[in-house]
Amino acid sequence: MREYNPKEIEKKWQDIWEKNHVFEASNDKSKPKFYALIEFPYPSGQGLHVGHPRPYTALDIVSRKRRMQGYNVLFPIGWDAFGLPTENYAIKNKVHPKLVTEKNVERFKSQLKSLGFSFDWSREINTTDPEYYKWTQWIFLKLFEKGLAYKKEAAINWCTECKVGLANEEVVNGVCERCGGEVVRKVKNQWMLKITEYAERLINDLETVDFIERVKVQQINWIGRSEGAEVDFRTTEDYVLKVYTTRPDTLFGATYMVISPEHPMIDTLKDKIENMDELLNYRDLAARKSDFERTELSKEKTGVQIKGIMAVNPVNNKEIPIWVSDYVLMSYGTGAIMAVPGHDTRDWEFAKKFGLPIIEVVAGGDIEKEAFTDIETGRMVNSDFLNGLEVKEAKEKIIAWLEEKGIGKRKVNYKLRDWVFSRQRYWGEPIPLVYCEKCGWVPIPEDELPLLLPEVESYEPTDTGESPLANITEWVNTTCPKCGGKATRETDTMPQWAGSSWYFLRYVDPHNKNALASKENLEYWMPVDWYNGGMEHTTLHLLYSRFWHKFLYDIGVVTTPEPYMKRTSHGMILGENNEKMSKSRGNVVNPDDMVNEFGADTLRMYEMFIGDFEKAVPWSYNGIKGCRRFLDRVWRLQNFLVDGEEYSKDLETSMHRTIKKVSEDFESLKFNTAIAAMMSLINEFYSKERVNKAEFRTFLILLNPVAPHITEELWEIAGFPGMLHNQKWPEWDESKTVEDQVEIAIQINGKVRERITIPSGLDRQGTENAAMKDPKVTALIEGKNIVKVIAVPGKLVNIVVK
RNA sequence: GCGGACAUGGCGGAAUUGGCAGACGCGCUAGAUUUAGGAUCUAGUGGCAACCCCGUGCAGGUUCAAGUCCUGUUGUCCGCACCA
């Protein structure tokens, strides 16, 4: 027997698979399809770390199994390659981001290939490839055409050091992630996408897909649907203040109003407001607060009353004061609220601080001590025609009343905001629009796509907060496609989330020149059958891509309303010290080192055996050694190999059980227990010092998805026909998964006192009889009064005595 | 503050509908082999000296029977965070 040498055999089989194109998805659409998807990586300069292969191996296992089950499998890979880290690195080292990207992709690719994933490399895509981003731009133009892309003033994070706009995730503790510089809010004209228009469907359609519960919950919370009413409040001036409330039932308890510092009423009525200076001062102060201050130091409420104007509560015509406070956000609802301090915690705090009246309108709590916000138990009081009703009934009644009087209506609101789609950076997809003095924003003609990123010497950010593209005058200045007059290009680029919002569609037809993908291929492959990815993308990429897909569905490009049928998520792999892996903590484990020392099969296996797939887990050097030990034992099975085309009698049950366990566990993310089952089986082979050909074949097939190289090699050494990767997945016979004899426990008063072995088919009565006959049991219950006997066939008998 | 998840040996983790807690692996102990170390093989390994007994974060409860169900409570992690 040769020694197990992973270095040699892994390279050998990877070359064979590649040469024979064995993992490329077929165009044969008569076979059932299976589309497995992992989140395509961002090719960073750091290369892969051991966290990456965890989800990849999981879906590689499922893909390999599906192929052996006769499916046409699409398991693609690509690069999400636009983005800031590459651009920053490029600026710092004076290299073009394109070259940086190429280098990083190459590194990632060789790392991934060394792990033996069964990706279809012929469909590799790259978001920075003009042939790819042509279609990203095309989708943007469609969104623009349908009025779902619009330009609006919005605040961005601006790093004063790097002179660059930052994404929210690039602002850490109020400073720039890269340089530690101060980050301020800068109001800029931004392209926005109307994701809010899809809010309702993004929630409702979650019912039609198989996503793990925590993903659904997080998306629903993020979208934040709430039901309530809009109510008009007259003022003592000619101005109607519209508010949104989820508690219209408490209208009689509204003792004052609060508007956001940015509310337009302040400017509209500036001539009537007596303390305008004070208000403007407050507005200024609020604006200068960074996001950090607003969240961390938000304990104490602040505010200023508007002097000279009062609002009128529509239910009782009482005049109530209007305040300005930054606890009311312009970006939610109408930017104004009716304050009901008796039944809203924030209003209560504000009222206490400024000595405003608190009226109880829902009985049940003690509003002297705190706001009473319970909506289940309370009864309406001090509310005229609502008195005595439950909160739920009162809501209905008051909404009907408001609608009848024409001063309010039922309204649904969402926390979800429209998607800020502009980035003032170079390394992203150019937005394919030009601005013409005469025609406004005009899309460039589709046949001129892609609009290429200009090749330039310098792409450094500017002092002004403009995109670096703004400096390239020969690129910016163009003609209007509509009127032929002078026009300028949009200089902002798209965010990194753009390319990843539709990449799974390109995989089904990656070289198509005429469409983002052909109708036939989309119809055959979509939706994705199984998508695994990180929880950190739940409210970003996953939501964005569902939005784009629904849009594409609406305009007839794709044929399903949802892109992904099933979504699962993996846990993080931590350092040996139980902390997050990071360079600064010095606990990073490089997969290359592991492949070098133990082999790819061992690494893959350990990634799956390490623990509960969905939970975070610390890396363990000893743990991976154990997996290598197992593969060494697998290798040495050759020594025990004997003839036999049927499972031997004494192993038959174990074989069928293991097939069942492995088959089922691979489907339900329980890779760790599937591997444990195979370890148990090999322990049996070893204790019998024998494995026959039929058993060995099945064992190799079961192990193949986890450890594809060693199993192929052993298959070949054993002289089995063909190659392993296209064998048929074994089946189990349910009737053969149970032993003839089964050991059951006999309990007396719930405590195990004896174990007996009985035929496994025995029924309840038979089981009971067998137990009662047992000599030890008879001795133990001798002279006692039997109250009850509970027999569970195949499990236990419990005798209750006194 | 709101929402979600989790809690089992020295460690990672197993345990259909409530039915023998601790599968499998690591680590550890002893033995075999080896000049030695490593590797490998064999046996053992929740606690207790020990049969009894005690053991699934803590306190109650339901049940013949609870890691699993119910009530309360503590801790850890994640997401959101003045969303009216």
Side-chain angles (χ1 to χ4, degrees), chain A residues 212-222 224-226 228 243-248 250 254 257-258 260 291 294-296 298-299 301 325-329 331-340 343-347 349-350 373 413-417 535-536 538-539 571-572 576 578 605-606 609-612 614-630 632-633 636 661 664 670 672-683 686-687 743-755 787-801:
Chain A
I212 46 171
E213 205 49 36
R214 54 196 172 128
V215 168
K216 290 190 183 185
V217 167
Q218 246 185 62
Q219 289 208 341
I220 289 168
N221 288 349
W222 181 263
R225 184 182 197 276
S226 77
V243 303
Y244 171 72
T245 177
T246 56
R247 295 295 305 275
T250 61
M257 308 198 63
V258 188
S260 156
D291 282 352
R294 264 181 127 128
T295 53
E296 293 299 308
S298 64
K299 301 266 186 290
K301 295 257 182 304
S325 173
D326 64 1
Y327 84 88
V328 173
L329 310 172
S331 48
Y332 184 78
T334 62
I337 62 156
M338 62 177 213
V340 184
H343 305 284
D344 182 282
T345 312
R346 297 150 302 180
D347 297 344
E349 283 168 13
F350 193 82
T373 55
N413 249 329
Y414 302 93
K415 282 200 277 188
L416 184 71
R417 303 288 148 79
M535 282 306 289
E536 70 274 18
T538 302
T539 53
M572 217 184 334
E576 293 226 40
N578 232 314
M605 174 151 202
Y606 182 56
F609 188 64
I610 191 168
D612 184 336
E614 302 196 70
K615 287 201 207 127
V617 63
W619 186 260
S620 157
Y621 184 74
N622 278 325
I624 191 171
K625 274 201 314 205
C627 286
R628 172 59 191 258
R629 198 132 58 205
F630 170 75
D632 283 326
R633 277 159 75 78
R636 292 196 307 270
K661 179 82 182 150
E664 290 178 347
K670 287 150 90 178
N672 53 339
T673 48
I675 291 168
M678 290 188 272
M679 288 172 165
S680 296
L681 184 59
I682 207 174
N683 287 346
Y686 268 78
S687 69
E743 191 188 63
I744 64 160
I746 300 173
Q747 299 180 332
I748 292 171
N749 289 341
K751 301 239 148 89
V752 180
R753 288 291 180 252
E754 177 65 324
R755 288 167 217 275
V787 182
K788 203 172 178 184
V789 179
I790 298 105
V792 183
K795 296 278 184 190
L796 54 62
V797 177
N798 189 7
I799 304 162
V800 186
V801 297

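Source: prediction; values computed, not measured. Quick note: numbers below take in every heavy atom, side chains included, and nothing from hydrogens, waters or symmetry partners. Numbers restart at 1 for each chain; the letters A, B, ... are given by sequence-line order, proteins then strands.
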Across all strands shown, which nucleotide pairs with B/U34 by Watson-Crick or G-U wobble geometry, both distances under 3.5 Å?
-> none
Show each protein N/O and nucleotides 1-8 of chain B N/O combination with a separation under 3.5 Å, one pair to a line.
from, atom 1, to, atom 2, distance (Å)
B/G3, O2', A/Asn221, ND2, 2.8

Watson-Crick or G-U counterpart of B/C24, or none if no pair lies under 3.5 Å | B/G12
Using the P atoms only, state how far B/A65 lies from B/G10, rounded to an integer number of Å.
-> 29 Å
Among B/G25, B/C64, B/C53, find the nucleotide with the atom closest to the side chain of A/Arg753.
-> B/C53
Residue pair A/Arg225 / A/Asn413, side-chain donor-acceptor N/O under 3.5 Å = no
Any A/Lys670 side-chain nitrogen or oxygen under 4.0 Å from OP1 or OP2 of B/A15 = yes
Close side-chain approach of A/Asp344 and A/Arg247, heavy atoms under 4.5 Å = no
For B/U40, does OP1 or OP2 lie under 4.0 Å from any side-chain N or O of A/Arg633?
-> no
Check whether any side-chain nitrogen or oxygen of A/Asn683 sits under 4.0 Å from OP1 or OP2 of B/G25, and answer yes or no.
-> yes
Both distances under 3.5 Å, Watson-Crick or G-U wobble: report the partner of B/C2, or none.
-> B/G79
Cationic N near anionic O, under 4.0 Å, A/Asp632 to A/Arg636 = no
Of all the nucleotides listed (B/G12, B/A14, B/G25), which has the minimum atom distance to the side chain of A/Pro618?
-> B/G12
Residue matched to B/A50 through Watson-Crick or wobble contacts both under 3.5 angstrom | none
Check whether the side chain of A/Asn622 and the base of B/C26 form a donor-acceptor pair under 3.5 Å.
-> no
For A/Asn578 and A/Pro618, indicate whether the former's side chain and the latter's backbone hold a donor-acceptor pair under 3.5 Å.
-> no
May I ask you to evaluate whether A/Ser226 reaches the phosphate of B/A84, defined as a side-chain N or O under 4.0 Å from OP1 or OP2?
-> yes
Please state whether the phosphate of B/G25, meaning OP1 or OP2, lies under 4.0 angstrom from any side-chain nitrogen or oxygen of A/Arg629.
-> no
